[in-house]
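Quick note: residue numbers are just sequence positions, from 1. Any value given below was found using the heavy atoms of this structure, including those in side chains, with hydrogens, waters and symmetry copies removed. As the structure lists them, so they are numbered: ligands from 1, and atoms in each ligand from 1. Computed from a predicted structure; not experimentally measured.
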Amino acid sequence: MPWRSTGLALETLPPGSKREVLIEGATVLVVRVGPSVFALDGICTHEGGLLVDGTLEDEKIVCPLHGATYDTTSGAVLADPDGVVPPTGVATALQRYATRVDDGMVWVELP
Ligand code: FES
């Protein structure tokens, strides 16, 4: 699978921050959790909320539209819209992409 540059320098992505990048038509959410960087589909699987506008709470991202919550380290759904737990399948897991840092720049592996 090809590696693609996000164009993001790691130093511009402090712990607890997030960015959205468009790569070959894909909307990718890049998040920094502690020392690690994760990349996921940036669009909520419920009704298309832009997750970059959501709230990042440690490793969790909360969708700005209806509150579905995802684990940014795995893409798993932690809560349905309106915070319903356990999740029922209303929202489905986000695609997660491998990341690496090369020469201070963040790269993602797209399918
Ligand atoms: S669009 Fe994200 S919870 Fe509805």
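In this structure, R96 contributes its side chain and A98 its backbone to no donor-acceptor pair below 3.5 Å. No side-chain donor-acceptor contact under 3.5 Å links D71 to the backbone of A76. Between the side chain of K18 and the main chain of L51, no donor-acceptor pair closer than 3.5 Å is present.
Checked against atom 4 (Fe) of ligand 1, the N, O or S atom of H66 at the shortest distance is ND1. H46 contributes ND1 as its N, O or S atom closest to atom 4 (Fe) of ligand 1.
The atoms of ligand 1 that sit less than 4.0 Å from any heavy atom of L65 are 1 (S). When each atom of ligand 1 is checked for a heavy atom of G49 under 4.0 Å away, the hits are 1 (S). Counting the atoms of ligand 1 from 1 in the order shown, those under 4.0 Å from a heavy atom of A68 are 3 (S).
Distances from atom 4 (Fe) of ligand 1 show that C63 has no N/O/S atom below 2.8 Å.
Closest approach of L50 and E20 over heavy atoms only: CD2-OE1, 3.8 Å.
The proximity of C44 to ligand 1, defined as any non-hydrogen pair under 4.0 Å, is limited to the side chain.
Considering OG1 of T92 and NE2 of H46, their distance stands at 10.5 Å, rounded to 0.5 Å.
With contacts defined as side-chain heavy-atom distances shorter than 4.5 Å, the pair Y70/C44 qualifies.
Considering only non-hydrogen protein atoms, atom 1 (S) of ligand 1 sits nearest to E47 N, 3.2 Å.
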